[in-house]
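The structure displayed is predicted, hence computed values, not measured ones. In the text below, chain A, chain B and the rest are named by the order of the sequence lines, each starting its count at 1.
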Protein chains: 2
Amino acid sequence: MAVQSLKERIIETALDLFRHKGYHGVSVDEIVETAGTSKGGFYHKFKSKDALLYEIHDVFISQVLKETKKAYDQNETPIDKVCSMLYSFTNVFDVYQRHITVFYDESAYLPPEYKNVIKEKRTEYRQMIEQVIEDGKKSGHFRPEISTTITTMAIIGLVNWTYKWYRQNGSLTMEQITLHFNDLILRGIMTDQGSQEAKHKKYLI
Amino acid sequence: MAVQSLKERIIETALDLFRHKGYHGVSVDEIVETAGTSKGGFYHKFKSKDALLYEIHDVFISQVLKETKKAYDQNETPIDKVCSMLYSFTNVFDVYQRHITVFYDESAYLPPEYKNVIKEKRTEYRQMIEQVIEDGKKSGHFRPEISTTITTMAIIGLVNWTYKWYRQNGSLTMEQITLHFNDLILRGIMTDQGSQEAKHKKYLI
DNA sequence: CAATCGGTACCGACTAGTCGGTTTGTACAT
DNA sequence: ATGTACAAACCGACTAGTCGGTACCGATTG
């Protein structure tokens with residue numbers, strides 16, 4: 001185990017507590033007691049309880065964005081890009097599952113100045129997926145008659161919802177889940193031409 | 001507009017407030033003031049603030065369950081059942097959108113005795129979808145190699161996530177969205193035999 | 001080496017304010 | 001008179017955040 005700074009210890013503790021009781025179900029007193037520190041220590045590291053919530057949000061969304069960009073840039077065809085982006089996201093999942101729960105369930109409680117920063121990153125993420133769908137339509141891999149918006153939100157929903165049911169010690173691995181998601185989405189949006197490529201690259205089950 | 005009882009007025013008010021500020025972002029004082037009543041009136045109608053939260057949860061999930069059961073019972077083939085169930089759900093959406101937001105974002109704050117009731121109904125809902133997938137595999141409409149669990153969660157995720165982005169006054173109607181969802185999911189899980197039937201019944205775009 | 005100094009990290013008692021819930025009061029119907 | 005349906009004032013518990021203080025650590029000086 002790496003040496004843990006006080007800040008890291010507070011975040012780790014808070015994540016566990018928030019996930020089970022929700023942001024408002026946990027007081028700063030409880031966080032500092034569980035983390036084995038003090039009120040002073042907490043406010044030395046964080047401007048406010050809200051700032052801690054923001055940090056948890058930002059760490060997660062920034063990582064997702066970074067990985068997604070990489071997946072987009074490092075792949076050639078839209079099919080490769082889609083699969084790689086899905087794979088990236090679900091990979092982040094395994095590491096940041098606690099962040100995600102807080103991210104999606106408690107974001108309403110972020111003060112506006114924090115919320116805007118997060119919102120921009122979320123938008124950027126959505127636009128990258130929309131871009132891939134558009135690319136695929138133009139290149140003939142994806143059917144032109146599907147709606148980019150709806151398809152994008154379908155993909156995001158499908159993937160994001162995983163945080164509600166996926167358990168790291170459960171019987172399903174992220175690998176299996178991603179494989180199924182790829183199969184479901186690709187079959188749903190590809191043209192016959194696209195299907196040839198996907199089959200050849202073994203993206204389908 | 002129908003005559004509104006005090007109880008209905010409180011629920012309507014609370015829904016609007018909760019949706020924008022979250023459950024903990026709204027005090028009972030604010031609810032009663034906005035609803036034009038008093039603390040006494042509130043606690044005359046509700047045992048506690050938690051009880052109000054529970055009621056919002058229950059109204060929504062009970063309706064979803066009822067509609068889904070109907071969709072299952074009143075259709076013959078798995079393909080019809082799936083489409084009808086999706087259609088039911090998205091229909092409930094239009095009416096209960098505010099409930100849904102509270103339902104998914106604030107359920108962590110339900111006290112255990114309430115939470116268990118809700119959890120049972122959610123499980124029942126999930127099992128109905130799993131049942132349809134299984135039915136479809138047996139009847140040859142759906143591909144036997146897909147995982148029932150993952151596919152079920154994919155469908156639920158896809159559909160549920162809609163509450164995060166769908167807006168009643170937006171440019172997309174629920175009708176269009178449902179059509180796309182049906183297309184995406186069916187193409188993703190059907191066998192060639194199933195595809196014939198779906199095309200014939202015009203379930204695909 | 002030892003004494004001193006400055007700054008950072010951290011502590012915990014304290015406070016002002018807010019919240020959910022209760023108690024008491026009142027108007028009205030039966 | 002008695003119960004119902006609310007209103008208004010009130011209360012105790014709890015919370016986020018503050019603030020005066022201490023412990024520690026590395027650099028500077030004699």
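B/Thr148 and B/Glu130 share no donor-acceptor pair across their side chains, judged by distance under 3.5 Å alone. Side-chain contact annotation: B/Tyr109 with B/Asp50, donor-acceptor N/O pair under 3.5 Å absent.
Between B/Ile31 atom CD1 and C/dG21 atom C1' the separation is 13 Å, expressed in whole Å. For the pair B/Phe42 CZ and C/dC19 C1', the interatomic distance rounds to 12 Å; values are reported in whole Å. Straight-line distance from the CG atom of B/Leu52 to the C1' atom of C/dG21: 14 Å, rounded to whole Å. The nearest whole Å value for the distance from the CD atom in A/Glu30 to the P atom in D/dG17 is 16 Å. Distance CZ (B/Phe46) to P (C/dG21): 13 Å, rounded to an integer number of Å. Atom NZ of B/Lys47 is separated from atom P of C/dG21 by 9 Å (rounded to the nearest Å). Regarding A/Leu53, its CG atom lies at a distance of 17 Å from the P atom of D/dT15, rounded to whole Å. Here D/dT4 presents its P atom at 17 Å from CG of B/Leu6, a figure rounded to the nearest Å.
Residues B/His44 and B/Asp29 both approach DNA chain D. Their nearest nucleotides, taken by heavy-atom distance, put B/His44 toward the 5′ side. Mapped onto DNA chain C by nearest heavy atom, B/Ser48 and A/Lys45 fall at different nucleotides, with A/Lys45 at the one closer to the 5' end.
Ranking D/dC10, C/dC10, D/dG17 by closeness to the A/Lys39 side chain, first place goes to D/dG17. Of the candidate nucleotides D/dA16, D/dC6, C/dG21, C/dG21 has the atom lying nearest to any side-chain atom of B/Tyr43.
Not a single donor-acceptor contact under 3.5 angstrom links the side-chain atoms of A/Lys49 to the base of D/dG17.
Checked by atom type and distance alone, the side chain of B/His57 pairs as donor or acceptor with a backbone atom of B/Leu53 at under 3.5 Å.
Between A/Trp161 and A/Tyr104, the ring center distance fails the sub-6.0 Å criterion.
For B/Ser27 and C/dT18, the shortest distance from a side-chain N or O to OP1 or OP2 is not below 4.0 Å.
Within 4.0 Å (heavy atoms only), A/Val26 reaches sugar-phosphate atoms of the nucleic acid but no base atom.
Judged as a salt bridge (Lys or Arg N to Asp or Glu O under 4.0 Å), and not counting sequence neighbours, A/Arg9 has no contacts.
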